[in-house]
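Read the structure below first, then the notes.
A note on names: the letters A, B, ... follow the listed sequences, proteins ahead of strands, and every chain is numbered from 1.
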Amino acid sequence: MPVAQQTPPPATDAPDASVRADVVAWFDRHARDLPWRAADRTAWGVLVSEVMLQQTPVVRVEPAWRAWLERWPSPADLAAAPTADVLRAWDRLGYPRRALRLQECARAVVERHGGVVPDDETALLALPGVGAYTAAAVRAFAFGRRSVVLDTNVRRVLARVAAGEALPAPAQTAAEVRRAAAWVPDDDAAAARWSAASMELGALVCTARTPRCAACPVADRCRWLAAGRPADAHAHRRRTQAWAGTDRQVRGRVMALLREALAPVPHDALAAVWPDAAQLARCVDALVADGLVTRDPAPGEDPDPAAATYRLPH
DNA sequence: AACCCGGGGAA
DNA sequence: TTCCCAGGGTT
């Protein structure tokens, strides 16, 4: 595996066709055999995978995705499901609002597009839970169309290979999007392959913590490696998200309790999952406002909170 | 632009 | 313990 520099890296972050070709060739040999990449995949299956993968690692998504698609193969199937079933099937993938939006998305696909996932960028972006990344990913991976797929992996690969930086900026910049767009080939099929390949390289080789440069097909043309792998320039601006004691932990415990509850849960029983009554009440109210929890009677109908029960929405 | 939103596994 | 993960929506 060549690590030493053989040819001078480009002076700019302009696209390098030889890098693209070698990354794609590497992908052809090393791509993971993921179910949403199978020949018999559906556009809906791809969309479901992208929503699940928005903030959950591949290894945890794969079994959940298989079970999900077996249970609800089409948008119409998910659209017709009880929301409580959807939230229980989402289980511990995290960020359960994604599950809610995925069902809203399924209903929008049924109502707006006759149950068929659209391939139009504007139509995709209008779907609940679908942002710039997911719309681009569905266009590329489900329909083989050219789009600028810019996720955390592609951002890191381009930051290193093209810009010589250890990691991309904490927040995506407009300049980064322009650079990524310049790297995407004009041809639809070639563009889709580059998107999948650059993402996979970031996931398997050009990883955040301990990159495997010795296994990288373009190590000899990487500006970051050529510069001696300088440290992350924006390290001082990154702050880690706290977890213990946060509302996110409280919300997770409430949702876990309600997923397993066989009957509506009285407020007193809910209190067992968190000692701070004020924080718990605030989080439960937020979950109700988010549509993840249903309060009976509905908020405002009965001012006595001690009489209320909580459950997953139907 | 900043902030909020879960959960698990690897380093 | 800390860090990372195929982001999106709201303010």
Side-chain angles (χ1 to χ4, degrees), chain A residues 27 31-32 34-37 45-65 87 90-102 104-105 124-142 147-158 166-174 177 180 192 194-204 206-212 232 235 237-259 273 282-283 286-287 289-293:
Chain A
F27 180 69
R32 289 168 291 181
L34 301 172
W36 46 88
R37 289 175 177 165
V46 171
L47 200 163
V48 170
S49 79
E50 293 303 339
V51 173
M52 288 183 171
L53 289 162
Q54 277 170 8
Q55 205 67 197
T56 304
V58 167
V59 290
R60 291 176 53 205
V61 164
E62 186 167 351
W65 183 91
L87 291 172
W90 193 259
D91 195 36
R92 297 189 170 189
L93 288 180
Y95 297 111
R97 291 191 294 197
R98 289 185 291 159
L100 223 49
R101 292 191 182 120
L102 184 55
E104 294 168 7
C105 177
L124 283 167
L125 278 172
L127 295 173
V130 176
Y133 165 75
T134 303
V138 169
R139 274 177 57 78
F141 307 145
S147 62
V148 182
V149 180
L150 191 54
D151 77 325
T152 185
N153 290 305
V154 177
R155 293 184 64 208
R156 187 173 54 251
V157 167
L158 290 180
L167 292 171
Q172 184 175 296
T173 65
V177 177
W194 161 249
S195 292
S198 55
M199 191 177 305
E200 192 79 338
L201 187 71
L204 298 183
C206 196
T207 55
R209 194 87 66 96
T210 311
R212 302 169 54 219
D232 174 21
R237 293 186 52 219
R238 304 183 196 280
R239 52 172 160 280
T240 64
Q241 309 175 33
W243 168 246
T246 60
D247 287 359
R248 300 164 78 180
Q249 184 180 24
V250 181
R251 289 168 60 101
R253 287 197 183 180
V254 171
M255 290 303 294
L257 177 67
L258 296 183
R259 279 196 307 269
V273 303
R282 184 176 70 243
C283 289
L287 287 169
D290 287 346
L292 287 164
V293 171

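Side-chain proximity of A/Ala208 to the nucleotides C/dA6, C/dC5, C/dG9 is greatest for C/dC5.
At least one side-chain heavy atom of A/Tyr95 sits under 4.5 Å from a side-chain heavy atom of A/Arg248. Proximity of A/Arg282 to A/Val250: side-chain heavy atoms (C-beta onward) are nowhere separated by under 4.5 Å. Proximity of A/Gln54 to A/Arg101: side-chain heavy atoms (C-beta onward) are nowhere separated by under 4.5 Å. A/Trp36 places a side-chain heavy atom less than 4.5 Å from the side chain of A/Leu53.
In the displayed structure, A/Arg92 atom CZ is contacted under 6.0 Å by at most 12 heavy atoms of other residues, nucleotides or ligands. Within a 6.0 Å sphere centred on CZ of A/Arg238, heavy atoms belonging to other residues, nucleotides or ligands number more than 12.
Spacing between atom CG of A/Asp151 and atom C1' of C/dG8 amounts to 14 Å, rounded to whole angstrom units. Across the protein-nucleic acid pair, A/Gln54 atom CD and C/dC5 atom P stand 15 Å apart, rounded to whole Å. We find that CG of A/Leu125 is positioned 16 Å from P of C/dG7, with the value rounded to whole Å. A/Arg248 has its CZ atom 12 Å from the C1' atom of C/dC5, to the nearest Å. Rounded to a whole Å, the CH2 atom of A/Trp65 is 23 Å from the P atom of C/dC5. Counting to the nearest Å, the P atom of C/dG8 and the OH atom of A/Tyr133 are 8 Å from each other. Between the C1' atom of C/dA6 and the CG atom of A/Leu34 lies a distance of 10 Å, rounded to the nearest Å. Between the C1' atom of C/dG8 and the CG atom of A/Leu102 lies a distance of 13 Å, rounded to the nearest Å.
If you check every strand for non-hydrogen atoms under 4.0 Å, A/Ala171 touches nothing. In this structure, A/Gly131 reaches the sugar-phosphate backbone alone: every heavy-atom distance under 4.0 Å involves primed, P, OP1 or OP2 atoms, never a base. Among the heavy atoms of the strands lying under 4.0 Å from A/Asp247 are primed sugar atoms or P, OP1, OP2 only; no base atom is included. Within 4.0 Å (heavy atoms only), A/Arg156 reaches sugar-phosphate atoms of the nucleic acid but no base atom. Counting non-hydrogen atoms under 4.0 angstrom, A/Trp90 reaches nothing in the nucleic acid. A/Val130 comes within 4.0 angstrom of sugar-phosphate atoms only, judged by non-hydrogen atoms across all strands, and of no base. Residue contacts for A/Ala137: at a heavy-atom cut-off of 4.0 Å it reaches no nucleic acid atom on any strand shown.
Map A/Trp36 and A/Leu127 each onto its nearest nucleotide of DNA chain C; the residue landing nearer the 5' end is A/Trp36. Between A/Val59 and A/Arg251, it is A/Arg251 whose nearest contact on DNA chain B lies nearer the 5' terminus.
Interface remark: the A/Arg209 side chain does not form any donor-acceptor pair with the C/dC4 base, using a distance-only criterion of under 3.5 Å.
Checking the phosphate oxygens (OP1, OP2) of C/dA6, no side-chain nitrogen or oxygen of A/Thr152 falls inside 4.0 Å. Between C/dG8 and A/Thr134, a contact under 4.0 Å exists linking OP1 or OP2 to a side-chain N or O.
Side-chain atoms of A/Arg98 come within 3.5 Å of backbone atoms of A/Met52 as a donor-acceptor pair (strictly under, hydrogens ignored).
Separation of atoms CZ (A/Phe27) and OG (A/Ser195) is listed at 10.0 Å; rounding is to 0.5 Å.
The outermost nucleotides of DNA chain B lying under 4.0 Å from heavy atoms of chain A, listed 5' to 3', are B/dC3 to B/dA11.
Rounded to whole Å, the C1' atom of C/dA6 lies 22 Å from the corresponding atom of B/dC3. Taking atom C1' on both C/dG9 and B/dG8, the two are 24 Å apart, rounded to the nearest angstrom. Across C/dC5 and B/dC5, the matching C1' atoms stand 14 Å from one another, rounded to whole Å.
Side-chain atoms of A/Tyr133 and A/Glu50 include a donor-acceptor pair closer than 3.5 Å.
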